[in-house]
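Everything quoted here is computed from the prediction, not taken from an experiment.
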Amino acid sequence: MTGKQLEFDQRVHRLNKKHAKLSRGYRATMRKDGLVVMKPQRVKSAVPLKALMGCFLGLFAFKVFLLTSLGASAYQYRVDSLAEGTSVEKAGAWVMQVDPVSKFLAAQVSSYLR
């Protein structure tokens, strides 16, 4: 009797998990034997990958623009003064610090403009 109860509980648990997945969205597909089966749809990300990559590229472009227009020493001075501020400003200084990619791109852009 306990074996049958355990088997029943496992089946109920599997059905509850499947129901939870199907409650987020599903699509109907037909198997080869003609049976229509509901398959859960994958949950899409709240932020698309293209938008995230666009933000990162925009950030690098902004840093490169600032590095080329201000110069390395003036840019570093401004980042250092930003790092002395509040916690939000410190986070901004960490994001805006000079990294090898930005430094390389700024050098390429400045040599192209000269």
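No donor-acceptor pair closer than 3.5 Å links the side chain of Gln10 to the backbone N or O of Glu7. Without hydrogens or angle criteria, Lys21 side chain to Lys39 main chain gives no donor-acceptor distance under 3.5 Å.
No continuous path of ILVMFWY side-chain contacts below 4.5 Å connects Val101 to Val98, so the two sit in separate hydrophobic clusters. Cluster annotation: Trp94 is not connected to Leu82 through the hydrophobic network of ILVMFWY side chains, with a link wherever side-chain heavy atoms come within less than 4.5 Å. Put simply, Phe104 and Val79 are part of two different groups of oily side chains (I, L, V, M, F, W, Y) that touch within less than 4.5 Å, one to the next. Under a hydrophobic-cluster definition in which Ile, Leu, Val, Met, Phe, Trp and Tyr are linked whenever side-chain heavy atoms come within less than 4.5 Å, directly or via other members, Met53 and Leu59 are assigned to different clusters. Residues Leu35 and Leu15 are members of separate hydrophobic clusters, defined by side-chain heavy-atom contacts under 4.5 angstrom among Ile, Leu, Val, Met, Phe, Trp and Tyr.
Not counting sequence neighbours, the partners of Phe56 by the side chain to side chain contact (heavy atoms under 4.5 Å, CB included) test are Leu52. Checked against side chain to side chain contact (heavy atoms under 4.5 Å, CB included), Ser73 has no partners two or more places apart in sequence or in another chain. By the side chain to side chain contact (heavy atoms under 4.5 Å, CB included) test, Tyr26 is found to be paired with Leu22, Met38, residues two or more places apart in sequence or in another chain being considered.
Rounded to the nearest 0.5 Å, atoms NZ (Lys18) and OG (Ser23) are 13.0 Å apart. Interatomic distance, OH of Tyr75 versus CG of Leu70, reported as 8.5 Å (0.5 Å rounding). A distance of 14.0 Å separates CZ of Phe8 from NE2 of His13, quoted to the nearest 0.5 Å. For the atom pair CG (Leu67) and CE (Met96), the distance works out to 8.0 Å, reported to the nearest 0.5 Å. In this structure, NZ in Lys63 is found 12.0 Å from NZ in Lys103, a value given to the nearest 0.5 Å.
Counting all heavy atoms, side chain and backbone alike, Asp99 lies closest to Ser102 at OD1-OG, 2.9 Å.
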